[in-house]
Amino acid sequence: MAELHMLSYKLYDLQFFNKLDKPGQVPLENNFSFSVNYNQENTRCMAKLYQCVKDKCDGPDHRFFVSVELGGIFEVLGGLTDEDKKDFHIQCYQQLFPYAEILAKQMCAAGGMPNFMLLRQKMNKDSVLLNRPGNAEP
């Protein structure tokens, strides 16, 4: 059975603005993407997480916006099966998400929204799609 170990992470982008007129609750919407790509030897993988929260509005001018984009490099030990890859997809997210969460929380706290939290996405390995040709080289 293969093992997964996080080696490092990198913050690619962190954005925040708060143009809300007054404190209080505002309807928010979430956008999310997550991918994992393996090197040709299946000894490393690179995970990329993007999560965005913004106020719900019909126009392009939002009053509240926070986004975080992180990458993580992971080492894979042992023989890797497709089932392992599905499990590792979820494990990579579970290991990267806390970094995204704390970065967004600290930024929002500095901007006057100390109780802001990113929503942890629910993942099921049965819904993980494996990327075949053209995998990125971590």
Side-chain angles (χ1 to χ4, degrees):
M1 180 173 177
E3 294 179 27
L4 181 74
H5 301 282
M6 185 174 188
L7 300 175
S8 65
Y9 78 93
K10 178 181 178 180
L11 176 64
Y12 292 113
D13 189 51
L14 179 63
Q15 296 182 37
F16 171 77
F17 66 80
N18 181 359
K19 298 177 185 175
L20 296 171
D21 297 331
K22 57 185 176 187
Q25 292 194 359
V26 60
L28 300 173
E29 62 183 63
N30 288 282
N31 293 314
F32 162 80
S33 68
F34 185 71
S35 63
V36 179
N37 292 302
Y38 292 85
N39 66 357
Q40 194 169 11
E41 298 82 19
N42 285 329
T43 56
R44 290 201 176 189
C45 64
M46 183 174 127
K48 194 164 191 181
L49 167 64
Y50 172 80
Q51 196 153 348
C52 165
V53 179
K54 56 189 171 185
D55 65 295
K56 288 184 181 180
C57 75
D58 294 330
D61 297 326
H62 292 279
R63 296 174 294 142
F64 175 79
F65 180 88
V66 62
S67 70
V68 60
E69 185 176 4
L70 285 176
I73 301 292
F74 297 83
E75 179 180 41
V76 177
L77 301 173
L80 191 62
T81 67
D82 283 351
E83 283 302 306
D84 290 331
K85 285 184 177 183
K86 289 181 177 186
D87 286 335
F88 288 174
H89 187 90
I90 295 168
Q91 288 179 37
C92 286
Y93 175 74
Q94 290 172 341
Q95 290 183 43
L96 267 182
F97 179 80
Y99 294 100
E101 182 180 41
I102 196 67
L103 289 165
K105 186 171 183 64
Q106 288 174 336
M107 181 67 73
C108 290
M113 298 186 77
N115 296 321
F116 178 83
M117 291 178 57
L118 287 179
L119 293 177
R120 184 180 294 265
Q121 301 297 309
K122 294 178 183 168
M123 290 190 178
N124 180 329
K125 78 176 193 172
D126 294 331
S127 63
V128 173
L129 299 175
L130 297 179
N131 185 10
R132 293 288 176 218
N135 284 345
E137 193 72 29

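All heavy atoms count here, side chains included; hydrogens, waters and symmetry mates do not.
Judged by distance alone, the side chain of Asn37 and the main-chain N or O of Met46 form no donor-acceptor pair under 3.5 Å. Listed for the His62 side chain is a donor-acceptor partner under 3.5 Å among the backbone atoms of Asp55. In this structure a side-chain-to-backbone donor-acceptor pair under 3.5 Å is missing from Asp87 to Asp84. Panel note: side chain Asn31, backbone Cys52; no donor-acceptor pair is recorded below 3.5 Å. At distances below 3.5 Å, not a single donor-acceptor pair connects side-chain atoms of Asp13 with backbone N or O atoms of Glu69.
Nearest heavy-atom pair, Gly79 versus Ala2, reported as atom, atom and distance to 0.1 Å: O-CB, 3.2 Å. Taking both residues in full, the closest heavy atoms of Pro114 and Lys105 are given as O-NZ, 3.4 Å, listed atom of the first, atom of the second, then distance. Here the closest non-hydrogen pair linking Leu119 and Gln51 is O-NE2, 2.7 Å. Closest heavy-atom contact between Val76 and Leu4: CG2-CD1, 4.1 Å. Closest of all the heavy-atom pairs between Leu11 and Leu70 is CA-CD2, 3.6 Å. Nearest heavy atom pair, residue Ser35 against residue His89, reads CA-CE1, 4.2 Å.
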Could you give me the CA-CA distance, side-chain angles and deciding distance for Phe116 and Phe64, then say whether side chain to side chain contact (heavy atoms under 4.5 Å, CB included) is met? CA-CA 12 Å; Phe116 178 83; Phe64 175 79; 3.9 Å; yes
Can you list the steps and then say if Glu83 with Lys86 is a side chain to side chain contact (heavy atoms under 4.5 Å, CB included)? CA-CA 5 Å; Glu83 283 302 306; Lys86 289 181 177 186; 4.1 Å; yes
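Rounded to the nearest 0.5 angstrom, Phe65 CZ and Asn18 CG are separated by 13.0 Å. For the atom pair Lys48 NZ and Ser33 OG, the distance stands at 8.5 Å (nearest 0.5 Å). To the nearest 0.5 angstrom, Phe74 atom CZ is 5.0 Å from Gln95 atom CD. Expressed to the nearest 0.5 Å, how far CE of Met123 lies from CZ of Phe97 amounts to 10.0 Å. Taking CZ of Phe34 as the start and CD1 of Ile90 as the end, the distance is 9.5 Å to the nearest 0.5 Å. In this structure, CZ in Phe88 is found 6.0 Å from CG in Leu80, a value given to the nearest 0.5 Å.
Aromatic pair Tyr93/Phe32: ring centres closer than 6.0 Å.
Residues Glu29 and Cys57 form no side-chain contact, since every pair of their non-hydrogen atoms from C-beta on lies 4.5 Å or further apart. Taking 4.5 Å as the limit, every side-chain heavy atom of Met113 sits out of range of all side-chain heavy atoms of Val66. Counting only heavy atoms from C-beta outward, the side chains of Val36 and Lys85 never approach each other to under 4.5 Å.
Following chains of ILVMFWY side-chain contacts shorter than 4.5 Å, one can reach Leu28 starting from Leu118, so the two form part of one hydrophobic cluster. The hydrophobic clustering, which links ILVMFWY residues whose side-chain heavy atoms are closer than 4.5 Å, places Leu49 and Leu103 together. No chain of hydrophobic side-chain contacts below 4.5 Å, direct or via other Ile, Leu, Val, Met, Phe, Trp or Tyr residues, connects Tyr38 to Leu77.
The number of heavy atoms from other shown groups lying within 6.0 Å of OH (Tyr50) is above 12.
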